[in-house]
Amino acid sequence: MTCFDHNATSPVHESARKTWVEATERYVGNPSSSHRLGSRAEAVLGAARDRVASFLGADPANLVWMSGATEAANTAFQHLAATLPPDAEVWTTAIEHSCVLAPARLHFGERLRLIPVARAGVVDLDWLCREMQSVKPAAVAVMAANNETGVLQPWPAVRTLCREAGVLFVCDATQWLGKMPAAGLGECDLVLGSVHKCGGPPGVGFLTVPAGLVLRPLMIGGGQEGGRRAGTQNLPGILAAAAALKTREWQVVADDAVLRRGWRDGFERELIATIPGAAVVGADAPRLWNTSCVVLPRLASNTRWVIKLDKLGFAVSSGAACLSGHAAPSHVLTAMTYPPAEAERAVRFSAGWETTEAEWRSLLQACQQVWRDCGGREIAV
Ligand code: PLP
């Protein structure tokens, strides 16, 4: 089975796997224990914090280990809700991951405003600039790269805008991390991160907070992480996460992505040329090199492409939110003004660093085969 669903989760990279196994053998103490085993564990935990913070350009003292970006987002929004004035507004976009949208809606309800997104899938910076001249939200949350479309968001510009206006900036960097240079992310006020999209183990992530911010912990019942997140740290996972990120940062710096973007672009060109009606989502915007979200012709139902490709040995995603087996049009494509009939036909292909050009070509052939097997024509709605 070839995985083209790395934006969901990516196989654990060898460097991370080795580090994880070694950590379980060498660092058997609890980092909070005062004996030598504990001190050794605490030392390597600190070294991993230093390493990940250095990639982000953040102060390690401001990086709090979490179980993933979902916990980081929940922690961030409950902190904001508990500490901001009761009439404070928070702005975000309708294309955020649901781990941001759900706690933002829960805690801010009517006080949550959605920043418009253009058809290409990029947040409307002009709108933000204009609106912030008359109304100032307490915080703005804009993701770095979208998980469904791969479209890159202008987070450095949003960061500058927020800094000049004295507004807190929250950035979900989950899909950006390990695929694009992490440098500069540490200058955002709150960064949500996770490592299982780029070769780290699932269940490890972080939240960075501004210097001096006293974070209201979501998890209580222990003094770990400076009282900011209770619970024994997942030391093998954290060390493995740091190892995976180190590997990926090297690949990013070495510009390995350029070649891979070319393979993805070639796949899209051929797909569009051979399957009538196929259209790339976010084609006019800068995108992650690994992601291709394509609205494909209807076969019988929008899940057929995924099932048929699965049978041919390719794991891809429907690009639509799927609840109990019932696919609903993606909230991301809906925000990009795709009508439901098109949004529900989106298929997301997402590669990893280890994906080869030959695998992109085989995927193309598999898509063409599905199309031929279905009679090479779209089924009327
Ligand atoms: N943010 C984005 C953009 C994601 O793609 C995901 C996972 O799909 C998350 C957050 C949630 O991350 P985690 O699985 O670490 O909770």
Side-chain angles (χ1 to χ4, degrees), residues 3-12 16 52 56 63-78 92-105 117 121-123 141-153 155 158 169-180 182 185 188 190-208 218-219 229 231 233-234 237-238 240-242 244-245 248 281-282 287-293 315-323 330-333 335-336 346 348-352:
C3 179
F4 270 94
D5 199 14
H6 287 252
N7 286 9
T9 198
S10 199
V12 174
V52 172
L56 303 167
L63 188 147
V64 185
W65 295 116
M66 304 253 152
S67 66
T70 302
E71 185 190 336
N74 277 271
T75 304
F77 283 99
Q78 66 82 35
T92 190
T93 77
I95 60 166
E96 299 298 308
H97 190 272
S98 51
C99 79
V100 165
L101 283 174
R105 284 188 178 122
V117 168
V122 186
V123 66
V142 175
M143 69 198 324
N146 185 266
N147 46 302
E148 291 188 26
T149 62
V151 171
L152 307 181
Q153 302 302 318
W155 62 266
V158 179
F169 176 43
V170 185
C171 186
D172 175 4
T174 303
Q175 294 290 347
W176 181 281
L177 218 57
K179 298 181 188 124
M180 301 292 286
L185 279 167
C188 306
L190 293 108
V191 181
L192 325 175
S194 190
V195 294
H196 71 101
K197 316 288 186 184
C198 66
V204 184
F206 60 81
L207 173 67
T208 68
L218 179 67
M219 311 289 271
R229 198 269 187 182
Q233 292 94 341
N234 172 4
I238 289 168
L245 272 182
R248 298 318 187 194
V281 177
R287 285 177 294 148
L288 288 173
W289 53 267
N290 78 317
T291 308
S292 178
C293 180
V316 305
S317 160
S318 71
C322 194
L323 209 61
S330 140
H331 72 275
V332 174
L333 270 68
M336 290 165 70
R348 180 187 70 186
F349 308 99
S350 54

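All ligand and atom numbering here is 1-based and tracks the order in the structure.
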Can a donor-acceptor pair be found, under 3.5 Å and without considering hydrogens, that links the side chain of S350 to the backbone of H6?
yes
Run the ring pair (Phe, Tyr, Trp, His ring centres under 6.0 Å) test against F206 and tell me which residues pass, sequence neighbours left out.
none
Side-chain donor/acceptor of T9 to backbone N/O of H196, under 3.5 Å
yes
Expected contact list for ligand 1 at under 4.0 angstrom, heavy-atom basis, is G68, A69, T70, H97, C99, M143, N147, D172, T174, Q175, S194, H196, K197
Grab the two heavy atoms, one from G121 and one from V151, that are nearest each other, plus how far apart they are.
O-CG1, 3.4 Å
For the pair Q175 (side chain) and K197 (backbone), establish whether a donor and an acceptor sit closer than 3.5 Å, ignoring hydrogens and angles.
no
Is the side chain of N290 donor-acceptor paired with the backbone N or O of A351 at a distance under 3.5 Å, no angle test?
yes
